[in-house]
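Data block below; observations after.
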There are 2 protein chains.
Amino acid sequence: MTASPAEPKPLTRIQTKNRAAILDAGLEVFSTYGFRGSTLDQIATAAGLSKPNLLYYFPSKEAIHAELLTGLLATWLDPLKLMQADGDPVTELLGYVRRKLEMSRQFPRESRLFANEILQGAPRIEAALSGELKELVDAKAEVIRGWAAEGKIADVHPHHLIFSIWSLTQHYADFDVQIRAVLGKEDPFEGAGAYLDVLFAKILTPE
Amino acid sequence: MTASPAEPKPLTRIQTKNRAAILDAGLEVFSTYGFRGSTLDQIATAAGLSKPNLLYYFPSKEAIHAELLTGLLATWLDPLKLMQADGDPVTELLGYVRRKLEMSRQFPRESRLFANEILQGAPRIEAALSGELKELVDAKAEVIRGWAAEGKIADVHPHHLIFSIWSLTQHYADFDVQIRAVLGKEDPFEGAGAYLDVLFAKILTPE
DNA sequence: CGTTGCTTTGACCGGTTGGTAAAATAATCT
DNA sequence: AGATTATTTTACCAACCGGTCAAAGCAACG
């Protein structure tokens with residue numbers, strides 16, 4: 001039994017391992033050189049496979065990149081989704097900032113992959129940006145506008161507030177090289193956490 | 001007469017025009033696809049030349065990219081250099097923010113070229129980052145620290161303050177596609193100017 | 001053990017890449 | 001004009017690109 005047209009087909013042990021290795025290698029390479037600047041040979045070498053072997057697991061370069069991007073978008077929207085309308089406004093917003101900064105610290109490659117895609121005009125996620133992303137942002141912006149109207153936070157432009165959170169947190173992943181060059185030995189994220197806490201507390205405090 | 005070993009050699013009319021066209025085309029292409037993702041054919045076509053003709057003016061792909069980057073670095077540091085220790089602290093810092101945002105509006109391609117280079121690990125400007133850039137930033141950070149010590153601005157981490165100015169202003173150039181996707185018809189820079197003015201005024205105001 | 005299906009490899013293909021050489025063409029100067 | 005120089009084109013190259021294919025190697029399971 002267990003009929004029906006499309007059986008999911010379980011992955012073998014080797015498939016699971018190699019697909020993971022390829023995606024990890026693809027993330028490493030794509031996040032550094034962008035889609036067009038990356039080669040299958042680079043990815044295959046980084047994954048410890050030969051190029052034809054890599055193409056046994058993924059049908060094309062595009063396919064690897066696509067899988068990385070779709071997986072990324074969910075991770076991307078998650079921290080914002082966690083911001084709840086019925087919580088304490090300042091706590092919720094600062095929580096969002098902290099989660100986003102923590103993501104920059106733990107997943108800098110994912111952040112750079114995203115940045116690369118946007119820099120190149122977002123040809124592969126344009127739809128998601130003006131669809132899924134826009135809808136979520138608009139909804140959360142409405143929540144923020146509500147908080148401001150109730151006087152619980154200062155009267156700020158909700159969309160630009162969100163942009164500033166993205167910008168400030170992702171900057172520490174995307175421009176890591178530059179920041180470390182300027183800071184020397186000092187740990188960027190140490191100072192960033194404290195600085196951003198104060199910054200957003202000041203922006204959000206009403207009057 | 002007019003001896004001495006290395007005469008600069010004046011450029012012909014055609015040289016001036018074509019070199020400019022190539023650099024403009026190179027900026028367009030490199031800022032979108034990064035160094036490795038860009039091709040000489042793309043650049044040549046964008047400049048309205050054939051590939052061999054392009055290589056008559058520049059010895060290599062590297063050379064075009066290098067010339068763009070070195071030219072860029074000066075433009076890049078300029079707005080920060082203009083920030084003077086003997087001016088009014090808040091005015092000087094807000095002026096820096098406005099100049100930087102204006103650059104993002106007027107020269108988004110330059111901003112993206114820079115972002116691309118940093119994202120890729122800054123292989124070609126590493127030296128400038130930990131040299132020229134670091135020195136200027138350190139000097140200006142000292143000025144900011146001085147202002148804070150005198151109580152003229154709030155006590156903020158000078159380096160992270162500068163990072164946040166870079167981050168927030170460049171974000172509007174580098175992530176333009178994403179921002180426009182979310183904002184719809186609304187002009188990003190309109191709202192950004194007002195938002196950033198308020199934001200930095202709040203951060204900088206002491207107590 | 002054998003055989004069946006999964007995995008890996010090496011040899012290859014057409015197209016593109018950065019770059020070159022030399023000849024043809026157009027400006028410039030006297 | 002003619003000589004000289006600057007510019008452009010045509011044809012080309014070796015290396016690399018994404019991707020295919022068939023054969024070889026391997027694991028699992030009865």
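The chains referred to below are lettered A, B, ... by the order of the sequence lines, with proteins before strands, and numbering in each begins at 1.
Aromatic pair B/Phe58/B/His65: centroids not less than 6.0 angstrom apart.
Evaluation of atom-type donor-acceptor distances gives no pair under 3.5 Å for the side chain of B/Lys61 against the base of C/dG19.
Contact check, B/Tyr57 against D/dT8: a side-chain N or O comes under 4.0 Å of OP1 or OP2. An OP1 or OP2 oxygen of D/dA27 is reached within less than 4.0 angstrom by no side-chain nitrogen or oxygen of A/Arg13. Between C/dG10 and A/Asn53, no contact under 4.0 Å exists linking OP1 or OP2 to a side-chain N or O. A/Tyr56 has no side-chain polar atom (N or O) that falls below the 4.0 Å cut-off from OP1 or OP2 of C/dT8. Phosphate proximity of D/dA27 to A/Thr12: absent, as no side-chain N or O sits under 4.0 Å from OP1 or OP2.
Between the side chains of A/Thr169 and A/Ser104, no donor-acceptor pair is found at a separation under 3.5 Å.
Atom C1' of nucleotide D/dC16 and atom CG of B/Leu40 are separated by 14 Å, given to the nearest angstrom. One can place CG of A/Asp41 at 12 Å from P of D/dG19, the figure rounded to the nearest angstrom.
Comparing A/Ser60 and B/Leu49, the nucleotide of DNA chain D nearest to each residue sits closer to the 5' end for B/Leu49.
Checking side-chain atoms of B/Asp155 against main-chain N and O of B/Ala148 turns up no donor-acceptor pair under 3.5 Å.
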